Amino acid sequence: MRECVVSERNMACTDCMKASDFSIDTKGIKKRNWRTRIRYLLKITSSSSSSKCMAGRSYRPTVEEVNQWAQSLDKLLSHKYGKAAFQIFLKSEFCDENIEFWMACEEFRTITSLGKLSSRARSIYEEFIQCDAPKEINLDYQTKDAIIQSLRLPSLTCFLSAQKKVFNLMENNSYPRFIHSELYKELCAVARGEGKYLKF
């Protein structure tokens, strides 16, 4: 069970570090897992966005698109398929709660109904913030306490500070690993038409 309060120094070190990450037997499973997920992503996005004459063909991100993902985390997350690929990578490392929280915050800031704002703020808190939450993220006490206080009268910015902290964690830890990962290298190869494992 993870501690409810950690220091900011520890946050950077424990971004995605869990016991399962050190299992030798798990590595092969993780690789197969992301390859399966990426295959599904490339197929499902093509069938949902292509014309009838393109139905059944696999979506292949362009070289330019994939190269842009390596420029910054902002550019990666602003691209539909880049964000999905990053999420798949984090799932393979068993630490996708950060990107899920970030995405929940992005969606939260688009809410216009006051009633929905209050209920959604509570659900985000229960899912990601409170102690022993099912997808608990690592936040310092001050940030958690500020969120708790803001839940009394939620606003569109009540998770903004936490979202920025989580973004910084991903930017400094998960994102560099993604850019140097086999998954990203394979996506670059797919874009060039040279995919070794993701041919269709």
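Note that this is a predicted model, so its numbers are computed, not measured.
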### Query
Got a sec, which residues hit side-chain hydrogen bond (donor to acceptor under 3.5 Å, both in side chains) with Glu106, two or more places apart in sequence or on another chain?
Arg109, Gln163
### Task
Would you check if Gln130 and Glu136 make a side-chain contact, meaning some heavy-atom pair closer than 4.5 Å?
no
### Query
If every non-hydrogen atom of Ala133 is compared with every non-hydrogen atom of Ile129, which pair is closest and at what distance?
CB-N, 4.2 Å
### Task
Return the set of residues passing side chain to side chain contact (heavy atoms under 4.5 Å, CB included) with Ser118 (not counting sequence neighbours), or none when no residue passes.
Pro154
## Note on the structure
Heavy atoms of Phe108 and Leu156 approach each other most closely as O-CD2, 3.6 Å
### Message
My understanding is that only residues two or more places apart in sequence, or in another chain, count here; which of them pass side-chain hydrogen bond (donor to acceptor under 3.5 Å, both in side chains) with Glu100?
### Response
Lys135
### Task
Compare every heavy atom of Ala121 with every heavy atom of Phe159, then report the nearest pair and how far apart it is.
CZ-O, 3.4 Å
### Task
Please test Leu76 against Phe178 for side-chain contact (heavy atoms from CB on, under 4.5 Å), starting from the C-alpha separation and ending with a verdict.
CA-CA 11 Å; Leu76 175 68; Phe178 169 74; 3.8 Å; yes
### Query
How far does CZ of Arg177 sit from SG of Cys95, to the nearest 0.5 angstrom?
6.0 Å
### Message
Just to verify, what does Ser161 make a side-chain hydrogen bond (donor to acceptor under 3.5 Å, both in side chains) with, not counting sequence neighbours?
### Response
none
### Message
The criterion is side chain to side chain contact (heavy atoms under 4.5 Å, CB included); which residues satisfy it with Ala146, sequence neighbours excluded?
### Response
none
### Query
Is a donor on one side and an acceptor on the other found under 3.5 Å between the side chain of Asp145 and the backbone of Tyr141?
no
### Query
Do you know which two heavy atoms are closest between Phe86 and Ile99, and how far apart they sit?
CD2-CD1, 4.2 Å
### Message
Given 3.5 Å as the limit, does a donor-acceptor pair link the side chain of Thr157 with the main chain of Leu160, or not?
### Response
no
### Message
Counting C-beta onward and ignoring hydrogens, is there a side-chain heavy-atom pair between Leu169 and Ser174 closer than 4.5 Å?
### Response
no
### Query
Hey, what do you get for CD (Glu93) to CD1 (Ile88), rounding to the nearest 0.5 Å?
13.5 Å
### Task
Nearest 0.5 Å please: distance from the CG atom of Asn168 over to the CG atom of Asn98.
11.5 Å
### Message
Working to the nearest 0.5 angstrom, can you tell me the gap between Leu183 CG and Cys188 SG?
### Response
10.0 Å
### Task
Mind checking the CD-OG spacing from Gln68 to Ser78? Nearest 0.5 Å is all I need.
8.0 Å
#### Entry: Sidechain-backbone polar pair: Lys165 side chain, Leu139 backbone, donor-acceptor under 3.5 Å
no
### Same cluster (ILVMFWY, side-chain, under 4.5 Å), Leu153 and Ile124
no
## Note on the structure
The reported gap from OH in Tyr175 to NE2 in His180 (rounded to nearest 0.5 angstrom) is 10.0 Å
### Message
For Trp102 and Phe167, take the angle between the two ring planes, folded into 0 to 90°, and tell me which bin it lands in: parallel under 30, tilted 30 to 60, perpendicular over 60.
### Response
tilted
### Query
Mind checking whether Val63 and Val190 sit in one hydrophobic cluster, side chains of I, L, V, M, F, W, Y counted as touching below 4.5 Å?
no
#### Entry: Shortest non-hydrogen contact from Val66 toward Ala191
CG2-CB, 3.9 Å
### Task
Go through the steps to decide whether Lys91 and Glu97 satisfy the test salt bridge (charged side-chain N to carboxylate O under 4.0 Å, His left out), and finish with yes or no.
CA-CA 9 Å; Lys91 282 183 181 293; Glu97 64 273 7; over 6 Å; no
### Message
How about CD on Glu64, more than 12 heavy atoms from neighbouring residues, nucleotides or ligands closer than 6.0 Å, or not?
### Response
no
### Query
What heavy-atom pair brings Trp69 and Lys75 nearest, and what distance separates the two atoms?
CD1-O, 4.4 Å
### Message
Suppose we screen for side-chain hydrogen bond (donor to acceptor under 3.5 Å, both in side chains). Which residues come up paired with Ser119, at least two apart in sequence or across chains?
### Response
none
